[in-house]
Every structure is written in structure tokens, then in C-alpha cells.
J.: 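I have a structure I would like to understand better, so I am pasting it below and will then ask my questions one at a time.
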Protein chains: 2
Amino acid sequence: MKLEDAKQQFINSWGAFGTQWGINRTMAQIHALLLISTAPITQDDVMEQLSISRGNVNMNIRDLIGWGLVERVIVSGERKEYFIADKNIWKVATQIIKERKKRELDPMLKLLSQLGNIDDKKEKDAKEFLTVVSDIKKLGSHADTLLDLMVKAEENKFISGVLKIFN
Amino acid sequence: MKLEDAKQQFINSWGAFGTQWGINRTMAQIHALLLISTAPITQDDVMEQLSISRGNVNMNIRDLIGWGLVERVIVSGERKEYFIADKNIWKVATQIIKERKKRELDPMLKLLSQLGNIDDKKEKDAKEFLTVVSDIKKLGSHADTLLDLMVKAEENKFISGVLKIFN
DNA sequence: TTTAATTTTCATTATTTACTGAAAGTTCAA
DNA sequence: TTGAACTTTCAGTAAATAATGAAAATTAAA
């Protein structure tokens, strides 16, 4: 397989993969493109490589910056803005985890706490409902712990080693 | 807050939450409804409670069954089919994890393996590309390990205990 | 068997989500 | 301080996704 074909396939598949996880296709593709670009690239480069409009590129790059996955770089002597993605895949993963936790898991846990405050907690129906809500909260906290552990495992050889024992 | 309001809010939020994770809103809502239903319910019950069409209910329930989250039950003396969801939230979580692994992570890892087979592996560009691909593969395997661990932790008090140490 | 109850399918329609491109905004060299 | 280079915004449009509902298929009681 030719390198260029492999790159193209990587970009396409990354896009498709993202879609399944609620990330828009183009955003995932731009991220993929940046991940495999050896040098910083401009909005125009992205437009050309992915055949998409300027507005689309601009908005999605901004989102990627918001996710902490991409940053602007200044190339001296150049007027245009250039962009790069962090190539450390582990950092990418932990960044995504952190953001999704903050944006989605935390609000969900907060909501579940509110739902715990119902009248007539002793009704049979109410009890069952409260059990489900409380179990989901516990699961959320558990996931939280495990995600933190995942982050720590990368930074800490000891933890990483202990985890491997159970593998 | 009234129990009925809380239930309704739970269903709506669960739907919204699902959307963010690439699960269609209605499917998530039906799952939520089943999670908090004390007795088995029919397609007609779902239609009424969520104000959606018969076809919609039918297709989404079938999907939920495909995910291993819902099952048909027969109520003796009744012609209609009834449905229930597993209320054990931990089982729900591990089931979703298993399915997403099988449907998404595994194919992605397979693809990445294929992308490793490029010509001219010694080109500078090629090397960088291969590094990214290989790193993502490693991350995938790592996630795999951790997800398995998450499943085991529920079944095994010892593992669960060790994990808590690092918390 | 018949036939009425129930489930399933899927072409059509509706909704949601994403993209375009031109206009407005910003920046900075001259 | 002008204006060319570049970035950002967003109304309108396109594409993707989900829902409807009526017809076909299936099931099982009579």
C-alpha cells in the first residue's frame, strides 16, 4: 500500500469512527489530518486536502482547539495562521476523556442527584426508581475513578504495572 | 418533585445524553422507560408514553435487543409481547462496553494493522505516519485491557479493592 | 382453515445536523 | 490610515438521520 493511500484511508476511517461516537465526521477528519501531518498546516491546506469550505474548516478547527487537541502556531515571516495537533496519543486520549467527563458525565451526575429529591420516597414505585437512579450515580462515580486511574497509569509506571497483573 | 415528573425528566435526559454518544434519542428513551418500569410493558405502552409511532418503537426495541439490553417476555394468557430491561446497571454498562468494543474498537484495530503495511517504510514521512498508527493501536489495546478490568472489578472484590487504593 | 390480533417492513416524510460561501470583521504592512 | 491578506460569522442550503403509517407478514385462537 502506498503511503498516500494509507493516509487517506486513515483520515476517512477516523472520520467514520468519530461519527459513531457523536463527533462530527469533518472534525474527526481534520484531527486525523493534523495528526499525520509532519509540519504545521494552514486552513487552506485543510480545505484543499479534505475538499471542504473555508467556513467549515474554521469552525471545526476552533472546536478542536476548544477540546484542547489542536493549537495555533506562528510561523515567522508568515501572515497566515498554522495549526498543529498534539501527536502524543496518550495525551489526546486523556484530553478527550477529561473534556467528555466535564461536558457530559458531570452534568448527568448532577441531574441524577436532583432526581433523588422526590416526594413519597416510601412508595414502592418510588423506591424502585430511586434504586435505578442511585445505581447509575454509583456507576458514574466508578467510571470517574477508573478514568482517573487510566490517566494516572500513563504517568505512573507502578500503577501501570499493577494493572497489568490483572490483565 | 413528583415521581412522575422525575421519571419524565429521567427519560428525556437519558435521551439527550445518548444523543451525545451516538445513540439515537428514541432508543435511549425507550431504554430509560424500561429501566424505570416496575412491570413488563408492551409496544403500545411505549408508543403512548413516548408519543411515538409503532414502527419506531418496533425498530428501536429490536435494536435494544440486539445490544443485549432488553428482552421479550411472555405473559401467560396474553397475546401481546412484553418487554423488560435488565435493571442491573453494572450489567448494562458491561454489555454496552462489550458491544461497542466488538462493533467499533475491534474493526478499528484491524484497520490500523492493515495501514501498517505500507511501501517505503524508511521514508521520513512514512516513519512518522507509522508511529501515529502504532501508538493508536497501543492505546486501543490499553483501553481493551482497562475495560476488561472494569468488568472484572465488578465480579471480583479483590480487584475492586486494589483499584480503590489508587483512587 | 379462517380471521382477527399483533408484529414487521419500508417508501415517504420530517427533523436534525452539517456545510457552503459571501459578507463582515480583523490584522498588519506599507 | 489605507487596503490587501486573512479570519470569522451565519443565513441559507444540502446531506444525513430518524420517524411515520399503512401495507404486508406473521401468529394463534376459534
Side-chain angles (χ1 to χ4, degrees), chain A residues 11-34 40-67 69-84 103-104, chain B residues 11-34 40-67 69-84 103-104:
Chain A
I11 291 169
N12 291 339
S13 307
W14 205 244
F17 197 61
T19 302
Q20 295 185 299
W21 285 86
I23 291 148
N24 105 15
R25 173 181 274 92
T26 303
M27 184 166 137
Q29 287 182 337
I30 294 175
H31 188 221
L33 176 59
L34 284 164
I41 62 179
T42 64
Q43 291 198 355
D44 291 83
D45 295 330
V46 178
M47 284 170 66
E48 193 188 342
Q49 299 246 354
L50 303 181
S51 310
I52 56 178
S53 73
R54 183 176 304 286
N56 198 3
V57 172
N58 189 278
M59 292 175 84
N60 282 110
I61 285 187
R62 167 203 283 203
D63 274 356
L64 284 166
I65 292 172
W67 278 83
L69 298 172
V70 165
E71 61 182 69
R72 278 172 230 275
V73 293
I74 294 164
V75 173
S76 62
E78 287 271 10
R79 179 78 182 274
K80 284 185 180 173
E81 290 180 337
Y82 284 74
F83 300 91
I84 55 169
R103 297 176 190 207
E104 296 152 20
Chain B
I11 291 169
N12 292 339
S13 307
W14 205 245
F17 197 60
T19 301
Q20 295 185 298
W21 284 86
I23 290 148
N24 106 12
R25 175 184 272 89
T26 303
M27 183 166 136
Q29 286 182 337
I30 294 175
H31 188 221
L33 175 59
L34 284 164
I41 61 179
T42 64
Q43 291 198 356
D44 291 84
D45 294 331
V46 178
M47 285 171 66
E48 192 188 344
Q49 299 248 352
L50 303 181
S51 309
I52 57 180
S53 72
R54 183 175 303 287
N56 198 4
V57 172
N58 189 277
M59 293 175 82
N60 282 110
I61 286 187
R62 167 200 285 199
D63 275 356
L64 284 166
I65 291 172
W67 278 84
L69 297 172
V70 166
E71 60 181 71
R72 280 173 227 274
V73 292
I74 294 164
V75 173
S76 62
E78 286 271 10
R79 177 77 182 275
K80 283 186 181 174
E81 290 179 336
Y82 283 75
F83 300 91
I84 55 169
R103 298 177 190 205
E104 296 152 20

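A, B, ... follow the sequence lines: proteins, then strands. Residue 1 opens every chain.
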J.: Distance from B:Ile61 atom CD1 to B:Gln43 atom CD, nearest 0.5 Å?
T.: 5.0 Å

J.: According to salt bridge (Lys or Arg N to Asp or Glu O under 4.0 Å), who are the partners of B:Glu104, at least two apart in sequence or on a separate chain?
T.: B:Arg100

J.: With 3.5 Å as the limit, what N/O pairs link the protein to nucleotides 21-25 of chain D?
T.:
none

J.: Rounded off to whole Å, could you give me the CG-to-C1' distance for the B:Asn60 and D:dA18 pair?
T.: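 Distance, rounded to whole Å: 9 Å.
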
J.: Without decimals, in angstroms, what is the distance between A:Leu64 CG and C:dA18 P?
T.: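 After rounding, the reported distance stands at 13 Å.
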
J.: Separation of A:Leu50 atom CG from C:dT20 atom C1', in whole Å?
T.: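 Those two atoms, CG and C1', are 15 Å apart.
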
J.: Distance check needed: C:dA4 C1' versus B:Lys80 NZ, whole Å only.
T.: 14 Å

J.: Measure CZ/A:Arg72 against P/D:dC6 and give the value in whole Å, please.
T.: 15 Å

J.: Among B:Asn60, B:Ile65, B:Ile30, find the residue that satisfies the side-chain contact (heavy atoms from CB on, under 4.5 Å) test when tested with B:Val70.
T.: B:Ile65

J.: Can A:His31 and A:Trp67 be said to form a side-chain contact (heavy atoms from CB on, under 4.5 Å), step by step?
T.: CA-CA 11 Å; A:His31 188 221; A:Trp67 278 83; over 6 Å; no

J.: Please list, in numerical order, the residues of residues 17-31 of chain B that have a heavy atom closer than 4.0 Å to any atom of DNA chain D.
T.: B:Asn24, B:Thr26

J.: Flag yes if more than 12 heavy atoms outside B:Met47 fall under 6.0 Å of its CE atom; otherwise flag no.
T.: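 Enclosed: over 12 neighbouring heavy atoms sit under 6.0 Å from CE of B:Met47.
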
J.: Restricting both atoms to N or O, compile the protein contacts to nucleotides 26-30 of chain D shorter than 3.5 Å, with distance only.
T.:
unit_1: D:dT27; atom_1: O2; unit_2: B:Arg79; atom_2: NH2; d: 2.4

J.: Which residue pairs pass the salt bridge (charged side-chain N to carboxylate O under 4.0 Å, His left out) test with at least one member in residues 70-79 of chain A, sequence neighbours excluded?
T.: A:Arg72-A:Glu81

J.: Taking all heavy atoms of A:Phe83 and all of A:Leu34, pick out the closest pair and write down the distance.
T.: O-CD2, 3.5 Å

J.: Within this structure, what is the CD-to-P distance between B:Glu78 and C:dT6, rounded to whole angstrom?
T.: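 Roughly 8 Å, once rounded to whole Å.
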
J.: Can you tell me how far CG of B:Asp63 sits from CE of B:Met59, rounded to the nearest 0.5 angstrom?
T.: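 If we round to the nearest 0.5 Å, B:Met59:CE and B:Asp63:CG are 7.5 Å apart.
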
J.: What pairs of residues pass the side-chain hydrogen bond (donor to acceptor under 3.5 Å, both in side chains) test when at least one of them lies in residues 45-59 of chain A, not counting sequence neighbours?
T.: A:Thr42-A:Asp45, A:Asp44-A:Arg54

J.: Just the rounded figure in Å: distance from P of D:dA5 to CD of A:Glu81.
T.: 17 Å

J.: For A:Trp14 and A:Ala28, which heavy atoms make the closest approach, and how far apart are they?
T.: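 What the structure gives for the nearest pair is CD1-O, 3.2 Å.
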
J.: Calculate the interatomic distance between A:Gln43 atom CD and D:dC6 atom P; express it in whole Å.
T.: 11 Å

J.: Would you say B:Asn58 reaches C:dT7's phosphate, i.e. side-chain N/O to OP1/OP2 under 4.0 Å?
T.: no

J.: Which heavy atom of B:Ala32 sits nearest to which heavy atom of B:Ile11, and what is that distance?
T.: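 B:Ala32 and B:Ile11 have their closest heavy atoms at CB-CA, 3.9 Å.
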
